[in-house]
Amino acid sequence: MCSIMGFKGHSISQEEFKAGFDKTISRGPDMAKVMTFNDATLGFERLAIMGLTEEGMQPFVLNGNAVVCNGEVYGFRPIKEELIKDGYTFRSDSDCEILLPMYEKYGTDMFRMLDAEYACIIYDEKSDSLLAARDPIGIRPLFYGYKDGEIFFASEAKNLVGICDEIKAFPPGHYYKDGEFISYRDMTEVTSVVKDDLDTVCKNIHDKLVTGIEKRLDADAPLGFLLSGGLDSSLVCAVSAKILKKPIRTFAIGMSTDAIDLKYAKEVADYIGSDHKEIIITKEDVIEALPTVISILGTYDITTIRASIGMYLICKAIHETTDVRVLMTGEISDELFGYKYTDFAPSAKAFQDEAAKRIRELYMYDVLRADRCISVNSMEARVPFGDLDFVSYVMSIDPEMKLNKYNKGKYLLRHAFEGDYLPYSILMREKAAFSDAVGHSMVDYLKMHAEETYSDAEYEKAVKKFDFATPFTKESLLYREIFEKYYPGQAKMVADFWMPNKEWEGCNVNDPSARVLANYGASGE
């Protein structure tokens, strides 16, 4: 990960800019640079992943234009070769150096050409203006706000707290130019429905995911893998081990009292021959980490916070005890292939609409969790299930095929990887939600902590302070009040609480955990 920030004008001093920017220095602890271009200021804090020399430091400058980018551009080498033929001389091995010559050649059309996870800010000398853009899923963070009519961009909301009155998430798949946010790609748009047979569809799922994983193994810094023992992270690990043909480094976490998934993670690790490490956490670790986790997330959403505590603590341990700089994760599978609650989808159209909603909102929930928990510990997240070609293909599969007609959730994905990737029992095991799989006791401890924090009367009085996304349990009130300490008045950065679709029969629940659903069964046992 890296951190970027930029604005054009005079509404704050360079000292104020630096004070806001330094709040995310853990995203880019290797080097930092702030440069001005006329009255535009661009800042970059670097975590060196590709092109580890000083020549890869940003801002990159070309013919008066400048760019800062937090991103990974996959397949950048063929583009680089094209640009060399055009006469451009590269001075680093950084993938992001291609952006300015691409901008000179293609203008804003370049954004839809990028196969990348990125957020960038460009200073255009000719128009003396700032542009900004964000990847179509929102895997890399970007926020904006205004002060005295001047727009500010930054990697995280915390950079802009105290500068801008209202902070907003930059919409994924958009670029900003001349005061407008313009959509360049909608990942939920389906132009042609795939109606191939099951085996053809599953072969394509297999091939496209393998390609997405292979792209993300390209790094000049040490790689690690989060392994929960569930389907998604296990597949990423198994495929990566096959591609790399050497033991990979895997990490798993669990509660000291009921580490449900550690045994499954170890089974996978043993099967693929990884160098495996377990991190055990306690009730005290969970409660102590809670304020820190909310401060780094910039959310009050219940399921995001629950799932982030384990992820933050495992990433903290990895950062403190290893040299790993890049972490591969299994996010964005559920949104595409279904959650436990989408088994209740009343129709194929309802399933597809729900998947589209989840993909559009990912930047507020799961990918936010992965980005913040990993970046605050000075590492970079790689999310293979978020590969643009893979997501586009899965979204285009006839939703009738994606419904759970097989008595097995996410059957298409499981069937696609039948063979010697994983033990069959792991491949077909129904996965408990990550927030629970660390150990059911973790959520119980959090609820207990909230109960001890508020009496019933205190709760009833306190919730009335919030007319947007009003807390509906003591746990949600606790999270909201901690959020307001760090991000006062910024609750609208998050659209709502992540919850199952309450309009569907069987899904009108008051807790986001899969444990409360009737179809949960023994999936976490």
Notebook entry, point to check: Just one of Y175, Y118, F181, Y176 clears the ring pair (Phe, Tyr, Trp, His ring centres under 6.0 Å) bar with F170, so which one?
Noted result: F181
Notebook entry, point to check: For K410 and D334, which heavy atoms make the closest approach, and how far apart are they?
Noted result: NZ-OD1, 2.6 Å
Next item on the list: Considering non-hydrogen atoms only, spot the tightest contact between Q352 and I397 and give its length.
Entry: OE1-O, 4.4 Å
Item checked: T321 versus K277, side-chain donor and acceptor atoms under 3.5 Å -> yes
Item checked: Residue pair H415 / E418, side-chain donor-acceptor N/O under 3.5 Å -> yes
Next item on the list: Without swapping roles, check the side chain of N377 against the backbone of I318 for a donor-acceptor pair under 3.5 Å.
Entry: no
Next item on the list: Give the ring-plane orientation class for F497 versus Y300, where under 30° counts as parallel, over 60° as perpendicular and anything between as tilted.
Entry: perpendicular
Check: Is there a donor-acceptor contact under 3.5 Å linking the side chains of S228 and D261?
Finding: no
Margin query: For the backbone of S476 and the side chain of T473, can you confirm whether one donor and one acceptor N or O come within less than 3.5 Å of each other?
Written below: yes
Check: For residues E481 and Y454, is any side-chain donor paired with an opposing acceptor at under 3.5 Å?
Finding: yes
Notebook entry, point to check: Under 3.5 Å, is there a donor-acceptor pair linking the side chains of T282 and D285?
Noted result: yes
Notebook entry, point to check: Are K447 and E475 ion-paired here, with the side-chain N under 4.0 Å from a carboxylate O?
Noted result: no
Next item on the list: Heavy atoms only: give me the nearest D258-S441 pair and the separation to one decimal.
Entry: OD1-OG, 2.8 Å
Margin query: Quick check: closest heavy atoms across L413 and L209, and the distance to 0.1 Å?
Written below: CD1-CD2, 4.2 Å
Note to self: So that I can tick it off, tell me whether E45 and K23 are bridged by a salt bridge, with the cut-off set at under 4.0 angstrom between side-chain N and carboxylate O.
What the structure shows: no
Margin query: For a quick check under 3.5 Å, do H276 and D270 share a side-chain donor-acceptor pair by atom type?
Written below: no
Check: How close do V293 and S308 get, heavy atom to heavy atom, and via which atoms?
Finding: CG1-CB, 3.7 Å
